[in-house]
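Heads up, the thing below is written out as structure tokens.
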There are 2 protein chains.
Amino acid sequence: MRDPKEACEICLSRKLSLFANLTEEELKKISAAKNMISHKKGQTLFYEGTKPLGIFCVRSGVVKTVKAASNGKEQLIHLAKEGDFLGYTSLLSDDVYSSTSTIIKDARVCFIPKEAFMDVLRKDVNFHYKVTESICRDIGNMEERLTDANQKSIRERLAYVLLKLVNTFGVKGEKGEKIEIVLSREEIASLVGTATETIIRLLSEFKKDKLIALQGKYILVLDKKTLSKVADFYQ
Amino acid sequence: MRDPKEACEICLSRKLSLFANLTEEELKKISAAKNMISHKKGQTLFYEGTKPLGIFCVRSGVVKTVKAASNGKEQLIHLAKEGDFLGYTSLLSDDVYSSTSTIIKDARVCFIPKEAFMDVLRKDVNFHYKVTESICRDIGNMEERLTDANQKSIRERLAYVLLKLVNTFGVKGEKGEKIEIVLSREEIASLVGTATETIIRLLSEFKKDKLIALQGKYILVLDKKTLSKVADFYQ
DNA sequence: TTTAAAAACTGACAATAATCACTTTTCATA
DNA sequence: TATGAAAAGTGATTATTGTCAGTTTTTAAA
């Protein structure tokens, strides 16, 4: 569904994004070129293997990015929220999308065509710097995730993933912090890199140990401190 | 050991690097600011957690980059050879080094101080593009590695690592391709993300199955086709 | 409200990989 | 070339995780 545009100049999510410090003029250019589209859970923004024609900027909602392994399994690479850009690394390396992005919480997403984006990148050195800086930070994060994936047990990794989720999507309540995003057991499994059944079993162990609680579809993190310990060391 | 400088202008490795298309003037600036240092196997270029003061460019030899997991284990992140840059993502994200880089094959490495590097980056938009493009490609590679790490068995991953090594360091011989780099079983284990004993056992299986052969310290890849199959599917 | 499908969950079992406690081989150097 | 240390290799055992074959619960739509 194509929405009436909301100008980038007045967009609140923008403040959180790489566009935070663009000039009025640059924002107008992008606003003029972009589309804002409302998406329902389950809709897909782009598919692995197709060619990027621009970049996506999340106004609201949550988008998951998934990569297919050559043996058919799937890896959840990233969860994008308000202010996050999607698909720009493929655009910038002039490659096809390395992964598929799908809405998992109803979202409004702006699409900015390649030319408008590249134009700002070309003309605004500060913006280019910010982009570079952000990508370099991503590399650091990926190195850490790779290290964890290879050197830690599933139990440690799940604990770590829960802590990351609570950092990004956590909302403090009376008892513990609620992860304000619904992920199926299968999706958590694909994020951690394990079988769905293993996630189910570990979550109920964590629950038994009072590290987490379940509130309907949501996970409440009760004991971050102990969870951090579980994430770091074989107990 | 500090060496007499070899000017970037006449450096053969440069053609393989991100510096390939710099102007004469830019190269002179960098040449003037840099140091070339010869390193023996085992010496370390920089340590995880320290602040980058510039970037490293490999003239010859091989450098491994290793990251410590929070549980004390180690992950081999990258093997850099002639023409490869090291430490620039940490520099560009204004962060401490996320990993440690150590020589594993006697090397000559140039150190380019931050200011000289940033100066070229600031003034030469094309160079900045090339850097961005390269980092974005790295992101794609890391996504693939993460997916493999999480979704594949050790056997598949070892097969995949051997294929990657032969692509990068392979030299064709009469029978198969020789991986022209000496890695200990422990280092291969840290690259694949498993125990040393597991690597030893799998390598001798691969040898038994005539996928590889051992020639002293070197590994010969005999059957890339079957190895690719092993890398992709549970047999 | 019924009903079919999807998701969550459980238990048994098998497979994979880690760990430990060695032996053997290789290598550097005294 | 002797020798001690490091690396490679082996075997037995255990722990972890995956797979399969279900049941139960939840959800969405008729």
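Below, chains carry the letters A, B, ... as their sequence lines are ordered, and counting in each starts from 1.
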(message) Can you measure B:Ile104 atom CD1 to D:dA7 atom P for me and round it to whole angstrom units?
(response) 13 Å

(request) For A:Ser90, check side-chain contact (heavy atoms from CB on, under 4.5 Å) against everything at least two apart and list the hits. (result) A:Pro52, A:Tyr97, A:Ser98

(message) I'd like to check the side-chain contact (heavy atoms from CB on, under 4.5 Å) partners of B:Ser101; sequence neighbours left out, ordered by chain and number.
(response) B:Leu45, B:Phe46, B:Val63, B:Thr65, B:Leu86

(request) Whole angstrom is fine here: how far is it from CD in A:Glu156 over to C1' in D:dT16? (result) 12 Å

Distances for protein N/O vs nucleotides 7-12 of chain C N/O pairs under 3.5 angstrom?
residue : atom : partner  : partner atom : Å
C:dA8   : OP2  : A:Arg185 : N            : 3.0
C:dC9   : OP2  : A:Arg185 : NE           : 2.7
C:dC9   : OP2  : A:Arg185 : NH2          : 3.3
C:dG11  : N7   : A:Arg201 : NH1          : 2.9
C:dG11  : O6   : A:Arg201 : NH2          : 3.2

(request) Using side chain to side chain donor-acceptor pair (under 3.5 Å) as the criterion, list what pairs up with B:Asp148, not counting sequence neighbours. (result) none

(request) Can you sort out which residues in residues 61-69 of chain B have a heavy atom within less than 4.0 Å of DNA chain D? Ascending by number, please. (result) none

(request) Not counting sequence neighbours, which residues clear salt bridge (Lys or Arg N to Asp or Glu O under 4.0 Å) with A:Arg157? List them please. (result) none

(request) Could you tell me which residues satisfy salt bridge (Lys or Arg N to Asp or Glu O under 4.0 Å) with B:Asp106, sequence neighbours excluded, listed by chain and number? (result) B:Lys40

(message) Rounded to whole Å, how long is the line connecting atom NZ of B:Lys207 with atom C1' of D:dT10?
(response) 14 Å

(request) Return the set of residues passing side-chain contact (heavy atoms from CB on, under 4.5 Å) with A:Thr198 (not counting sequence neighbours), or none when no residue passes. (result) A:Ile154, A:Thr194, A:Ala195, A:Leu202

(message) Between P on D:dT16 and CZ on A:Arg157, what's the gap in Å once rounded to a whole number?
(response) 14 Å

(request) Starting from P on D:dA15, measure out to CG on A:Leu202 and report it in whole angstrom. (result) 17 Å

(request) Compute the bend angle of the helix from C:dT1-D:dA30 to C:dA30-D:dT1 from the end axes (five pairs per end), rounded to 10°. (result) 50°

Please tabulate, for the side chains in residues 210-227 of chain B, all donor-acceptor contacts under 3.5 angstrom to protein atoms that are two or more places apart in sequence or on a different chain.
residue  : atom : partner  : partner atom : Å
B:Gln215 : OE1  : B:Lys178 : NZ           : 3.4
B:Asp223 : OD1  : B:Lys225 : N            : 3.3
B:Asp223 : OD1  : B:Thr226 : N            : 3.0
B:Asp223 : OD1  : B:Thr226 : OG1          : 3.1
B:Asp223 : OD2  : B:Thr226 : OG1          : 2.5
B:Lys224 : NZ   : B:Glu177 : OE2          : 2.9

(request) Evaluate whether atom CD of A:Glu186 has more than 12 neighbouring non-hydrogen atoms of other residues, nucleotides or ligands under 6.0 angstrom away. (result) no

(request) Answer yes or no: does a side-chain N or O of B:Ser153 lie under 4.0 Å from OP1 or OP2 of C:dT16? (result) no

(message) Please report the distance, rounded to the nearest Å, between CG in A:Asn150 and P in D:dT16.
(response) 19 Å

(request) Quickly work out the A:Leu158 CG to D:dT16 C1' distance and round it to whole Å. (result) 15 Å

(request) Please name the residue in the list B:Ile181, B:Val182, B:Leu183 that meets the side chain to side chain contact (heavy atoms under 4.5 Å, CB included) test with B:Val62. (result) B:Ile181

(request) Output all residues satisfying salt bridge (Lys or Arg N to Asp or Glu O under 4.0 Å) with B:Glu187, sequence neighbours left out; order by chain, then residue number. (result) B:Lys64

(request) Just jot down the salt bridge (Lys or Arg N to Asp or Glu O under 4.0 Å) partners of A:Arg145, sequence neighbours excluded, or say none. (result) none

(message) Please report the distance, rounded to the nearest Å, between NZ in A:Lys152 and C1' in C:dA18.
(response) 17 Å

